[in-house]
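The analysis underlying the following values was restricted to heavy atoms, covering all of them including side chains, and did not include hydrogens, waters or symmetry mates. A, B, ... follow the sequence lines: proteins, then strands. Residue 1 opens every chain.
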2 protein chains.
Amino acid sequence: MSKPATIRDVAAAAGISIAVVSRVLNDGSGPVAPATRQRVMKAIEELSYRPRTAARELKSGPTTTLGLLLADVTNPFFARLADSIVREARSRGVHVILMTTQEDARLEEDALDTLAARRVGGVIATPTSTNAESWLRLIDLGTNIVFVDRYVEGVSRADLVSIDNDRSAREATEHLLDLGHTRIGFISGPLSTTTGRARTEGHLATLAERGVATDPQLLRNIPFRGDQGADATGSLLNLPTPPTAIIVANTAQVAASVRRIRQSSVRVPEDLSLIVFDDNPWTELFTPSLTIMRQPTTLMAAHSVDLALQRIGDDSERRTIVIEAEFVVRSSTRTAG
Amino acid sequence: MSKPATIRDVAAAAGISIAVVSRVLNDGSGPVAPATRQRVMKAIEELSYRPRTAARELKSGPTTTLGLLLADVTNPFFARLADSIVREARSRGVHVILMTTQEDARLEEDALDTLAARRVGGVIATPTSTNAESWLRLIDLGTNIVFVDRYVEGVSRADLVSIDNDRSAREATEHLLDLGHTRIGFISGPLSTTTGRARTEGHLATLAERGVATDPQLLRNIPFRGDQGADATGSLLNLPTPPTAIIVANTAQVAASVRRIRQSSVRVPEDLSLIVFDDNPWTELFTPSLTIMRQPTTLMAAHSVDLALQRIGDDSERRTIVIEAEFVVRSSTRTAG
DNA sequence: CCCCCCAGTGTAATCGATTCCACTTTGTTC
DNA sequence: GAACAAAGTGGAATCGATTACACTGGGGGG
């Protein structure tokens, strides 16, 4: 009800100056007599005083807050990433401001503005836009950026944590080739995103190396948001010569794709082998349990936070941390019939 | 690289005083000559100046930031809630700081402290602790609280947005009774949480009203986090006289429960009817597609943000908004026997 | 022709912390 | 016993914005 106490109120209550109170607050910033410290602590307790972050940040820029800019928390991959990052950050005494872009470049720009105004210590982001300019502006302000999963070309002086998208696409493709499949449907993200492009290239390169003909009809690069996963899958199944296997390398579209397959008369894995890029409990619950490519989110989170906090004050070039994706073979893939 | 521009730099560049620059920044706070405004805008652009939030908040308390304190973003229900709330808040020009408690009372206390230090305008939360004190302290500081889904008893002067837990449990129970089931397993949250208690009571009351004997063995109140969902489900299935139907009213434990059922030899819905409290795409993908109780997250989000922002400056008693849950009958429930 | 009002601008106080520096009071060391 | 170091404390500047208030000119009403 009454106005919150300030440092001056505490000082008055303890019969001491505000400088000393501040020293008690920031332990180690100067000497304080034990008796005085006691009195100050008591006053703080009684007034239930909490130093105001806004005032603190005004003096010394905040190393204490990280911005987390995700495309979409609804996507379980990002949700787990968010969870891990928040936990990881807290264990280091750092707070996280979460913002989402909904895969919309304008909203992203908005969010970056906010983060810039807040002068956060660092930003961990899965970028949406291809527009390097807004990122560079933020970097110029002294913010350090860590891209996770995807990145923006042209923005050096930003770190990167990612799985090896190229390699994971290769691995999935090789698995199917080994099983004798040659007509493989491949659903991935837009070629404008780094993940979409790298995975598609890895897939195509593997086919080429194995001397398997590539059919452009089998390739689907679709957006992360929206419902095109169902359509893309449906059109693959309805091809004159349909694929005998499908890789869904667009994490956000896995559910829509699987739903579409389930509604069709196609049986998995008898008629169709299926690999999805997703790390989600339900892939195991599905009938048949799905073969997946898993991205180790906890590890990615730890590295991201590390980089975001380390780089402060540093000015070196981009550092890239590549994390192995884990390929889990379950029951949705089998020898081509 | 160079230090970010301040309002003084802008004023100097435009050949004007800082007061006028501030007026340009906060449109409507005072008269500015059109020509002057132009020059100021130009200077802002050239210096890529962004007013610093910390400084702004120091003067006038921030109506512009909301705290969101969730138990667990990994839980899809909370993830969708977070997504909707962030979106909803942004459309009102408000930012959201997300923090998670991992269902841990100490972490929650921590988070509340941070939020208090930040003097956020409001907090939307799914409380974990039963400890009213920390909440009351935050309220005393002038923060207004909106509880979602669960609430803490003894904290009036905080709003509440929730589905009718009692009623939804009744509805699910009645559906099964109508199908002829009389031995119904009921898995819910801890009785220390309001949702766990209300759902359990609703379930028991319905049984009583219909004259069905209640067997304590069929009741399982388990934590939200952790793995007890599997054990609870397993022990229900292994009872001497196992239930012919199960309601999983603990959203966080749905996946674990379903996995356990799937690993057993029990067939759904032939041997066991199943209702889960969850609103998640995969419940439709599961074989058989699951009958669910859905909580309309978008609506809950809209109301929460509304309340959080409205109450500012208001001092009335708690307002409660109850939202209808949506019961979706699919293929996992059928006539008993 | 005088006065009042208002558009347009500037000065300075203010928000709540941190921190540099100066000052006093002890205790230590030749 | 003089000199000096270190502990403990306080005064005041500072961070970057907002805003109350004072000031100046010029136009319009009386």
Side-chain angles (χ1 to χ4, degrees), chain A residues 2-41 43-44 47-65 114 116-121 141-142, chain B residues 2-41 43-44 47-65 114 116-121 141-142:
Chain A
S2 54
K3 299 285 161 282
T6 75
I7 196 173
R8 256 165 267 274
D9 300 328
V10 175
I16 205 80
S17 79
I18 60 169
V20 177
V21 176
S22 176
R23 263 176 234 130
V24 173
L25 254 34
N26 313 44
D27 212 2
S29 61
V32 179
T36 311
R37 162 169 272 113
Q38 288 300 323
R39 268 185 301 143
V40 173
M41 305 267 261
I44 289 178
L47 299 170
S48 67
Y49 163 74
R50 301 273 165 245
R52 195 164 154 179
T53 310
R56 286 191 146 165
E57 290 187 344
L58 190 53
K59 275 298 285 186
S60 43
T63 331
T64 172
T65 306
T114 304
R118 276 229 140 72
R119 303 286 195 276
V120 291
L141 244 66
Chain B
S2 54
K3 299 284 161 285
T6 75
I7 196 173
R8 257 165 266 275
D9 301 328
V10 174
I16 205 82
S17 80
I18 60 170
V20 178
V21 176
S22 175
R23 263 175 234 131
V24 172
L25 254 35
N26 313 43
D27 212 3
S29 62
V32 179
T36 311
R37 163 169 271 114
Q38 289 299 323
R39 269 184 302 144
V40 173
M41 304 267 261
I44 289 178
L47 299 171
S48 68
Y49 163 74
R50 302 271 164 245
R52 196 163 153 179
T53 310
R56 283 189 148 167
E57 289 187 344
L58 191 52
K59 275 299 284 186
S60 43
T63 331
T64 172
T65 305
T114 304
R118 276 231 140 70
R119 304 285 196 277
V120 292
L141 245 65

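Distance, B:Arg118 CZ to C:dA17 P: 14 Å, rounded to whole Å. Residue B:Leu47 contributes atom CG, which lies 14 Å from atom P of D:dG16 at whole-angstrom precision. Look at CZ on A:Arg50: it is 16 Å from C1' on C:dA17, rounded to the nearest Å.
When all heavy atoms of B:Tyr49 and B:Thr6 are compared, the pair lying nearest together is CE1-C, 3.5 Å.
Looking only at side-chain heavy atoms (C-beta outward), B:Ser22 and B:Asn26 come within less than 4.5 Å of each other. Side-chain contact check for A:Arg52 versus A:Pro4: every heavy-atom pair is 4.5 Å or farther apart. Side-chain atoms of B:Arg119 and B:Leu141, non-hydrogen and from C-beta on, do get closer than 4.5 Å to each other.
Remark: side-chain polar atoms of A:Arg39 are paired, donor with acceptor, to backbone N or O of A:Ala14 under 3.5 angstrom. Using modelled atom types, no side-chain atom of A:Thr65 and backbone atom of A:Val120 make a donor-acceptor pair closer than 3.5 Å.
At a non-hydrogen distance threshold of 4.0 Å, B:Pro31, B:Val32, B:Ala33, B:Thr36 from residues 29-41 of chain B come into contact with DNA chain C. Only A:Ile7, A:Arg8, listed by number, bring a heavy atom of residues 7-14 of chain A to less than 4.0 angstrom from any atom of DNA chain C.
Contact annotation for A:Ile18: base contact, defined as any heavy-atom pair under 4.0 Å involving a base atom. Within the 4.0 angstrom heavy-atom criterion, no nucleotide atom of any strand lies near B:Arg119.
Remark: B:Ser22 is in phosphate contact with D:dT18, judged by side-chain N or O atoms under 4.0 Å from OP1 or OP2. For the pair A:Arg52 and C:dA17, the criterion of a side-chain N or O lying under 4.0 Å from OP1 or OP2 is not met. Between C:dG16 and A:Thr6, no contact under 4.0 Å exists linking OP1 or OP2 to a side-chain N or O.
In the set C:dT11, C:dT18, D:dT18, D:dT18 carries the atom at the smallest distance from any side-chain atom of B:Arg56. Comparing atom distances between the A:Val20 side chain and each of D:dT9, D:dA17, C:dT11 picks out D:dT9 as nearest.
With the nearest nucleotide of DNA chain C identified for both B:Gly15 and B:Leu58, B:Gly15 has the one nearer the 5' end.
Taking B:Thr64 as the reference, B:Glu57, B:Pro62, B:His95 meet the side chain to side chain contact (heavy atoms under 4.5 Å, CB included) condition, with sequence neighbours excluded.
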